[in-house]
Amino acid sequence: MDKDKVAEILVEIGTLLELKGENPFKTRAYGNGARTIQGLTEPLEKLVAEKRLGEIKGIGEALEQKITELVETGKLKYYDELKASIPPGLIQMLEISGLGPKKIQAMQKKLGVDSIAKLEAACKAGKVAELDGFGEKTQANILEGIELKRTYASKHRLGDALAVAEPMLEILREHPAVIRCSTAGSLRRFKEIIGDIDLLASSKKPTEVINFFVTQPGIVKVLAKGETKASVILEGGIQCDLRVVSDAEFPFALAYFTGSKEHNIVMRQRAIQRGLRLNEYGLFKSTEETRDAKLLVKCADEAEIFAKLDLVFVPPELREDHGEFSAAEKNDLPKLIEWTQLKGALHNHSTWSDGKNTLEEIAAHMEELGLEYWAITDHSKASFQANGLDAKRLREQIVEIKKLNEKIAARGSDFRLLTGSEVDILKDGLDFPDEVLAELDVVVASLHVAGSNEAENTKRLIRAAENPHVHMLGHLTGRLLLEREAYPLNVHAVIDACAATGTWIELNCNPWRFDLDWRHWFYAKSKGVKCVINPDAHRNAHAGFLRLGAGMARKGWLERADVVNTLNLKLLQNELKRKVTVK
DNA sequence: GCCGTTTTCGGCCCGACTGTTTTCAGTCG
């Protein structure tokens with residue numbers, strides 16, 4: 001059993017224990033264990049075989065035993081029994097906003113409610129309101145929560161969230177009572193999937209800002225509204241929370257609400273170790289919880305908070321408790337890539353296959369953006385649904401691109417389109433023979449039709465990496481976020497093959513993909529595999545994905561030198577020729 | 001369930017908001 005599956009089961013055990021009313025710290029231990037396992041750089045099987053799991057912080061005796069059983073037998077008796085003892089409907093009920101383990105337990109015990117359907121019926125019959133600790137309002141809120149869950153998804157892709165969050169932030173920034181404002185939460189950390197949008201503002205008149213916020217157009221429902229905090233649902237169903245604090249509190253609140261929760265826990269612990277107390281209002285010279293301004297350690301921004309805890313500034317993307325503390329202590333954090341360092345992209349489409357813009361439109365737009373190059377890598381013929389090119393059309397396209405480049409050069413511009421193909425990885429090799437691939441500037445090899453056999457998929461990708469003409473593997477795992485899982489694949493084996501052959505791996509920055517996942521780049525980087533941040537653009541507006549892709553690369557701790565398309569055109573062209581030469 | 005320059009037990013981050021209460025429990029982030 002692989003580590004993702006193990007982590008998934010540990011998380012589920014935590015949830016099930018929560019529903020049983022277990023000690024919250026015990027349930028959290030399972031969640032922590034899951035994150036630890038997921039973040040391992042060594043293969044889990046190896047750690048289990050060598051009995052070294054217990055040496056890892058956060059994995060104790062109980063977790064070691066359970067993980068070992070899972071890895072060695074693919075099953076866990078404790079988990080099966082636990083799962084059998086809890087109706088699956090209860091887990092779904094946990095997803096209803098406002099319902100937690102305690103209320104769910106109470107309703108199950110007293111009303112026999114063990115599914116959302118039964119819960120809805122009990123509310124409509126007025127039975128829930130009669131229970132101790134419940135009332136009319138709670139009952140109505142549960143019904144509304146059921147409706148909201150039905151209507152709206154609880155998870156959203158980063159691109160969709162940014163599209164509504166950034167305009168809202170601009171509106172707040174314009175308000176005269178707002179001093180500073182920022183996104184926070186998973187959005188600021190650039191998680192590929194976010195639950196809700198967190199906004200933070202500082203002001204001397206918080207209530208005024210809150211009142212302004214909840215009356216903005218595009219808000220379909222106000223969930224909660226207090227003096228300093230409001231929660232609303234935006235059109236499209238994304239929840240958006242705003243907190244308003246004083247300007248002196250702003251850096252502390254920003255750090256706090258940016259999280260992650262795991263990162264914050266370590267921050268607080270570091271404060272306590274230094275005889276200080278950290279919360280969202282400040283850092284205090286006290287061992288007691290306090291908000292006493294006389295005890296406040298003033299910090300003008302987040303960097304000063306980190307400094308007081310003997311850390312250098314940790315960029316929001318790295319705040320996942322994934323090793324940022326040990327690196328920040330030693331001033332050993334990576335100098336993360338900036339999206340403005342990207343000079344072009346190497347995987348894009350045009351009207352020749354399934355793209356929406358012509359070669360001329362693409363060249364004009366990308367040059368206008370200040371980029372130096374843009375590779376046209378339309379689909380190969382096996383992707384007939386995408387109007388893939390055969391060798392004849394591909395050669396015609398090469399001629400067109402060369403002509404267009406000559407025109408661009410004639411008016412004194414250094415911008416260039418590059419010729420290329422996103423060649424399909426078929427069952428028995430690539431969709432073009434080597435002599436055709438040899439005519440191209442850029443070759444991206446992608447697996448579009450994968451099988452269900454992990455070994456087979458892995459073998460196909462490794463064989464593609466071994467081809468001297470293939471520069472990079474495209475969207476390696478084939479996942480579509482919130483829609484389709486990655487196909488079964490031994491990612492580490494493919495990364496190893498790329499390391500051995502000098503093949504690059506794409507970080508496809510279409511917000512549906514973000515593939516390869518940021519979590520794998522630690523390993524890829526450790527093996528010396530280079531990244532290419534590609535928008536896989538099907539229309540000119542998709543060039544904007546580059547910014548998101550750079551954010552994902554930052555989450556994967558990548559620096560400028562790790563990313564091929566930070567090179568200027570000349571250096572890039574040298575690199576593109578290198579693989580064939582060394583073979 | 002994990003952990004230990006407060007070490008094998010007793011903590012574990014903590015405040016805002018809501019709804020139900022009349023001082024607090026549950027939920028959320």
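Just so we're on the same page: letters track the sequence lines, and every chain starts at 1.
- dC2(B) and dT7(B): their C1' atoms are spaced 13 Å apart (whole Å).
- Between Arg180(A) and Asp247(A), at least one side-chain N (NZ, or NE/NH1/NH2) sits under 4.0 Å from a carboxylate O, which counts as a salt bridge.
- Rounded to whole Å, the P atom of dG11(B) lies 30 Å from the corresponding atom of dC17(B).
- The pairing partner recorded for dT8(B) is none, the criterion being a Watson-Crick or G-U wobble arrangement whose two distances lie under 3.5 angstrom.
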Seminar exercise, completed: Letter by letter from the 5' end, nucleotides 3-9 of chain B scores (B base, S sugar-phosphate only, - none; protein heavy atoms under 4.0 Å) S------
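- One finds no side-chain N or O of Tyr281(A) lying less than 4.0 angstrom from the OP1 or OP2 phosphate oxygen of dC13(B).
- Residue contacts shown for Glu22(A) are absent, as no nucleic acid heavy atom lies under 4.0 Å away.
- Distances shown here put a side-chain N or O of Asn141(A) below 4.0 Å from the OP1 or OP2 atom of dG19(B).
- Side-chain N/O atoms of Thr228(A) include one lying less than 4.0 angstrom from OP1 or OP2 on dC17(B).
- Taking side-chain N and O atoms only, Gln269(A) has no distance below 4.0 Å to OP1 or OP2 of dC12(B).
- Ionic pairing of Arg188(A) and Glu302(A) is present here: one or more N-O contacts between side-chain nitrogen and carboxylate oxygen are shorter than 4.0 angstrom.
- For the pairing with Tyr79(A), the side-chain hydrogen bond (donor to acceptor under 3.5 Å, both in side chains) check across Glu12(A), Lys66(A), Glu69(A) returns one residue only, Glu12(A).
- One atom, CZ of Phe25(A), and another, P of dG11(B), lie 11 Å apart when rounded to the nearest Å.
- When heavy atoms are screened at a 4.0 angstrom cut-off, Gln273(A) is found touching no nucleic acid atom at all.
- The gap from the C1' atom of dT18(B) to that of dT23(B) amounts to 15 Å, rounded to the nearest Å.
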For this session: Report the C-alpha separation of Leu295(A) and Arg277(A) in whole Å, then their side-chain angles, then the decisive distance to 0.1 Å, and conclude whether the side-chain contact (heavy atoms from CB on, under 4.5 Å) test is met.
Result: CA-CA 10 Å; Leu295(A) 297 173; Arg277(A) 206 80 178 180; over 6 Å; no
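- Of the charged side-chain nitrogens involved, at least one lies within less than 4.0 Å of a carboxylate oxygen, so that Glu192(A) and Arg519(A) count as a salt-bridged pair.
- In this structure, Glu329(A) pairs ionically with Arg270(A), as a charged nitrogen and a carboxylate oxygen lie closer than 4.0 Å.
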Seminar exercise, completed: Expected string for nucleotides 22-29 of chain B under the B/S/- scheme (protein heavy atoms, under 4.0 Å, primed atoms plus P, OP1, OP2 as sugar-phosphate) is ----SSSB
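- For Ala224(A), counting side-chain heavy atoms from C-beta on, the closest listed nucleotide (dC17(B), dG19(B), dC12(B)) is dC17(B).
- Under a 4.0 Å N-O distance rule, the pair Glu130(A)/Lys127(A) does not qualify as a salt bridge.
- Among Leu70(A), Asp2(A), Val71(A), the single residue meeting the side chain to side chain contact (heavy atoms under 4.5 Å, CB included) criterion with Leu44(A) is Val71(A).
- We find that Glu262(A) and Arg189(A) are not joined by a salt bridge, their nearest charged nitrogen and carboxylate oxygen being 4.0 Å or further apart.
- Here dG1(B) is the nucleotide among dT18(B), dG19(B), dG1(B) with the atom lying nearest to any side-chain atom of Leu63(A).
- The nearest heavy atom of DNA chain B to Tyr78(A) and to Arg243(A) marks one nucleotide each, and the one closer to the 5' end goes with Tyr78(A).
- Residue Asn264(A) is the one, among Asn264(A) and Leu223(A), whose nearest nucleotide of DNA chain B lies closer to the 5' end (criterion: closest heavy atom).
- Taking atom P on both nucleotides, dG26(B) is separated from dT20(B) by 14 Å, rounded to a whole Å.
- Comparing the C1' positions of dT8(B) and dC12(B) gives a spacing of 16 Å, expressed to the nearest Å.
- Using P as the reference atom, dC3(B) and dC13(B) are 14 Å apart when rounded to the nearest Å.
- Classification of Glu320(A) and Lys555(A) as a salt-bridged pair holds, one side-chain N sitting under 4.0 Å from a carboxylate O.
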